[in-house]
Asker: 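Could you have a look at this structure, given as structure tokens, before my questions?
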There are 2 protein chains.
Amino acid sequence: MNQSIETKEQTKSENLTAQLIEAIVSGEYSPGSKISETELARFFNVSRGPLREAMMRIEALNLVERIPHVGTRVATLSPEKLIEIYAVREALEGMAANLACKNITDQEIAGLEMLLEQHQEHIEQVDGASYFHQQGDFDFHYQIIKASRNSKLISLLCDELYHLLRMYRYQSPSTQSRPTHALNEHFQLLTAIKERDAELAEMLMRRHIKRSRELIENQLIEEGKTNDAE
Amino acid sequence: MNQSIETKEQTKSENLTAQLIEAIVSGEYSPGSKISETELARFFNVSRGPLREAMMRIEALNLVERIPHVGTRVATLSPEKLIEIYAVREALEGMAANLACKNITDQEIAGLEMLLEQHQEHIEQVDGASYFHQQGDFDFHYQIIKASRNSKLISLLCDELYHLLRMYRYQSPSTQSRPTHALNEHFQLLTAIKERDAELAEMLMRRHIKRSRELIENQLIEEGKTNDAE
DNA sequence: ATCAACCTAATTGTCGACAATCAAGGTTTT
DNA sequence: AAAACCTTGATTGTCGACAATTAGGTTGAT
């Protein structure tokens, strides 16, 4: 019932866009695989018109790659691209943390505190259940981004970059994370936000993201070594 | 001849996209004005299919605003939105300057020096010809962004944000600028880049953009005052 | 046997027509 | 007279068919 409201946005083209984004991000279509317009259109019971319109939008989000007269493929997210995204994230989320200090409400801060306490319990209970943690990680970051009150910043991060991040996570479930350290950094960050210390919050956020990036870079180096060894 | 290669991308939908972006950014279609699909399609000698596909892409760039079943309008860029964009620019271009220090070639640095010298001459000759200066301002920033070698960063700044900036410039030719100060800041920045001082370059770039933003904010306050006075 | 040219099948790009929706003006009812 | 309800005109959304282009396999020549 609720679904019938949610899924029926207004127009087929828009529904398709939302559904395809979710399907691609969640790994339902494997990266690099070809997307046949005719086939997909038949599957979703629409004509190729709306489907192509949806594809144009999704292409703009960098979730698929299109070559004229050839076809569309689900985007593949190499570790190199991911590292680029992390550099962008570092800049943008640093700014978001900075602005959040100026605009966040006390109520939102209380919400963030609750969120982190939940995460703490999760980590203590199921030591290293990284899936829950990663979802929680996203939640925390989302809240701070929203609290920046800068709609451009919000849409860039949430609508463009985070789709790609989620996509990568589904692609590479082996991705390392560091739940305990990350949680500590979240607590530090929240403290800075609570004290409305914008510069400190920005610095902590940037360091937090930079460390995640370094983890990926190290993995990449490791992979390089093993590949060389072959 | 060159043109026939440039303009004929490959497909009508893509040609349209490029042409419409240029037309909208350059103010050919005035902000807020309604765009009739039938009319535009006839004007460009295409059917509504490719035109709508182009619109979807352009909507993703935030150059037009679409309401389902109602229509499409050329985006209006309020000073408030512009200020938001400047905050994003500050973060992203700061990072770009930082990365550029690590990746720029000596040849590119020499190019930047020449560019700034040209600007200096321009300013000395035609004191306050802000159009040339603003174009030059963009050139300088573009080069640094490109030198970051981060393709995500480059596409975000050049393909998304700068279109909006150019659009605003065409909308409000009365926009104040501060050629002399800006040029000094550019020289400072270039010095930091030459010395590969990433942190300093980032800081200088951020301050440079922040000052531009403050100029806009002050204009906004002035306008507010005059409006209150009425 | 190898390479080049050609042909064919399949996919994408484009079009014109039809269906669905909205905005505006006029009509009727209270 | 004001408000609610059609009705109509125009615009957008969707569809199925056709045209253009590509990829792959086949044929032919060197």
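Here is how names work: the chains are called A, B, and so on, in the same order as the sequence lines, proteins then strands, and each is numbered from 1. The shown structure was predicted, so the numbers you read here are calculated from the model rather than taken from an experiment.
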Asker: Rounded to the nearest angstrom, tell me the gap between atom NE2 in His69(B) and atom C1' in dA19(C).
Answerer: 11 Å
Asker: I need the CZ-C1' distance between Phe44(A) and dC15(D), as an integer number of Å.
Answerer: 18 Å
Asker: When you measure from the side chain of Ser13(B), which nucleotide among dT14(D), dT14(C), dT12(C) comes out closest?
Answerer: dT14(C)
Asker: Round to the nearest Å and state the distance from Glu59(A) atom CD to dT12(C) atom C1'.
Answerer: 14 Å
Asker: Nearest to the Thr11(A) side chain among dT22(D), dT14(D), dT12(D), which nucleotide is it?
Answerer: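 My answer, after comparing the listed nucleotides, is dT14(D).
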Asker: Consider the side chain of Val70(B), meaning its heavy atoms from C-beta on, and name the nucleotide among dA23(C), dT21(D), dG13(D) that approaches it most closely.
Answerer: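 When the side chain of Val70(B) is considered, dA23(C) is the closest of dA23(C), dT21(D), dG13(D).
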Asker: Does the side chain of Lys12(B) get closer than 4.0 angstrom to OP1 or OP2 of dC15(C) through an N or O atom?
Answerer: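 Answer is yes, contact under 4.0 Å.
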Asker: Report the distance from atom CE of Met55(B) to atom P of dT11(D), rounded to the nearest whole Å.
Answerer: 14 Å
Asker: Roughly, in whole Å, what's the span from CD in Glu53(B) to C1' in dT12(D)?
Answerer: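 Checked: the CD to C1' distance equals 16 Å.
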Asker: Please find the pair of heavy atoms, one from Cys101(B) and one from Ala198(B), that lie closest to each other, and give the distance.
Answerer: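 Closest approach of Cys101(B) to Ala198(B): SG-CA, 3.6 Å.
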Asker: Rounded to the nearest Å, what distance is computed from the CD1 atom of residue Ile35(A) to the P atom of nucleotide dA10(C)?
Answerer: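 Taking CD1 of Ile35(A) and P of dA10(C), I get 21 Å after rounding.
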Asker: Quick one: the side chain of Arg48(A) and the base of dG16(D), do they pair up donor-acceptor inside 3.5 Å?
Answerer: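 Answer no: no donor N or O sits under 3.5 Å from an acceptor.
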Asker: Please tell me which of Val46(A) and Ser36(B) maps to the more 5' nucleotide of DNA chain D, matching each residue to the nucleotide holding its nearest heavy atom.
Answerer: Ser36(B)
Asker: In whole Å, what is the span from the CZ atom of Arg73(B) to the C1' atom of dT11(D)?
Answerer: 13 Å
Asker: dG13(C), OP1 or OP2 - any side-chain N/O from Arg66(A) closer than 4.0 Å?
Answerer: yes
Asker: For Glu59(B), is there an ion pair with Arg57(A) - N to carboxylate O distance below 4.0 angstrom?
Answerer: yes
Asker: Classify the ring geometry of His208(B) against His186(B): parallel below 30°, tilted from 30° to 60°, perpendicular beyond 60°.
Answerer: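 Geometry flag for His186(B) against His208(B): perpendicular rings.
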Asker: Without decimals, in angstroms, what is the distance between Leu40(B) CG and dT11(D) P?
Answerer: 13 Å
Asker: Where the side chain of Arg52(B) is concerned, which of dT14(D), dT12(D), dG13(D) is the nearest nucleotide?
Answerer: dG13(D)
Asker: Looking only at side-chain atoms of Ser47(A), point me to the closest of dC15(C), dT14(D), dG13(C).
Answerer: dT14(D)
Asker: Salt bridge between Arg48(A) and Glu37(A), side-chain N to carboxylate O under 4.0 Å?
Answerer: yes
Asker: Evaluate whether atom NZ of Lys81(B) has more than 12 neighbouring non-hydrogen atoms of other residues, nucleotides or ligands under 6.0 angstrom away.
Answerer: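 Yes, because the 6.0 Å sphere around NZ of Lys81(B) holds more than 12 heavy atoms from other groups.
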Asker: 5'-most contact on DNA chain D: Asn45(A) or Lys34(B), nearest heavy atom basis?
Answerer: Lys34(B)
